[in-house]
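Worksheet: one structure, shown below.
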Amino acid sequence: MNITSAPQVGIIMGSDSDLPIMQAAADLLTEFGISFELTVVSAHRTPLRMVQYAQHAKERGLKIIIAGAGGAAHLPGMVASITSLPVIGVPIKSSNSIDGWDSVLSILQMPNGIPVATVALNAAKNAGILAATIIGAFESTIGEKVAAYKVRLEDEVLTKVEKLKAGGQPNRFDM
Ligand code: RP5
């Protein structure tokens, strides 16, 4: 694992107040040994920084951008409108959110032609898994880690099935 090499994934967020949520994406990429960078890029407060980040992302060697924002969450969509890299959007329920719906809809409801792969509210971990899955389609070592991760998830659920059975819950389905 070499997470100090040139970053493959760029994690950006509208504010440092988003970091407690977005850290889960960084943790997942670290676990998978995928190099990343993480910084604040605000669509509304640093619009030129956002444009420059998106314009230069590909030539800087990034493969995927994970962008998180809350409230009027324009960062993922605007970045996707500039770069040809895939953009994964993380809607964040932040201090200026109305239940998070504003963030979800701002990121999800993109116009035809400019998609953002939108994960669930606050689901930065899933953004990390999706990034790993995309990279894993082209890099076999990462692809194997994604496959092993899914096997672990299955094992965890089957352990719960056994636990319920051992606790006396009726179940005649034995797969
Ligand atoms: C959004 O406004 C950010 O993504 C954050 O979720 C929210 C609040 O930002 P701060 O006021 O904490 O900087 O642009």
Side-chain angles (χ1 to χ4, degrees), residues 1 3-137 142 146 149 153:
M1 179 166 74
I3 56 172
T4 55
S5 60
Q8 288 190 290
V9 179
I11 302 176
I12 54 175
M13 61 203 81
S15 172
D16 61 349
S17 62
D18 297 324
L19 184 57
I21 295 297
M22 295 302 287
Q23 184 65 46
D27 291 346
L28 193 286
L29 294 176
T30 301
E31 183 184 332
F32 278 63
I34 296 172
S35 55
F36 64 90
E37 63 182 13
L38 184 153
T39 188
V40 172
V41 177
S42 170
H44 303 117
R45 293 175 279 196
T46 62
L48 298 181
R49 177 174 163 79
M50 176 196 67
V51 169
Q52 286 186 343
Y53 190 91
Q55 274 178 337
H56 297 295
K58 193 169 184 181
E59 74 199 35
R60 292 180 52 241
L62 295 177
K63 301 286 187 292
I64 298 170
I65 295 172
I66 297 175
H74 296 135
L75 180 66
M78 288 307 297
V79 168
S81 76
I82 297 167
T83 184
S84 58
L85 295 175
V87 176
I88 302 172
V90 183
I92 294 174
K93 184 176 173 181
S94 61
S95 56
N96 60 333
S97 278
I98 303 171
D99 281 343
W101 277 112
D102 40 11
S103 322
V104 169
L105 296 176
S106 300
I107 298 176
L108 181 68
Q109 290 300 112
M110 289 295 291
N112 280 332
I114 311 291
V116 169
T118 309
V119 297
L121 187 69
N122 289 345
K125 183 175 183 179
N126 268 1
I129 294 169
L130 185 53
T133 305
I134 295 169
I135 291 172
I142 302 298
V146 172
Y149 180 82
L153 288 183

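Here, residue 1 is the first one in the sequence, and each next residue gets the next number. Indexing begins at 1, ligand by ligand and atom by atom, following the structure's order.
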What part of Ile92 sits under 4.0 Å from ligand 1 if we count only heavy atoms: the side chain, the backbone, both or neither? neither
Any heavy atom of His44 closer to ligand 1 than 4.0 angstrom? no
Atoms of ligand 1 less than 4.0 Å from Ala69 heavy atoms? 4 (O)
Can any side-chain N or O of Ser103 pair as donor or acceptor with the backbone N or O of Ile92 at less than 3.5 Å? yes
Ligand 1-proximal atoms of Ser17, by part, heavy-atom distance under 4.0 Å: side chain
For the side chain of Ser106 and the backbone of Ala72, is there at least one donor-acceptor N/O pair under 3.5 Å apart? no
Just to be sure I'm reading this right: ignoring hydrogens, which of Met22, Arg45, His74 gets closest to atom 11 (O) of ligand 1? Compare them by their nearest heavy atoms. Arg45
Verify, without hydrogens or angle tests, whether Arg49 (side chain) and Val40 (backbone) share a donor-acceptor contact under 3.5 angstrom. yes
Gap separating the OG1 atom of Thr46 from the OH atom of Tyr53, nearest 0.5 angstrom: 12.0 Å
Of all residues at least two apart in sequence or in a different chain, which pass the salt bridge (Lys or Arg N to Asp or Glu O under 4.0 Å) check with Arg60? Glu37
Polar contact flag for Ser95 and ligand 1 (N/O pairs, less than 3.5 Å): no
Would you call Val41 and Val79 a side-chain contact if the rule is heavy atoms closer than 4.5 Å? no
As an exercise, identify every atom of ligand 1 less than 4.0 angstrom from a heavy atom of Asn96. 2 (O), 7 (C), 8 (C)
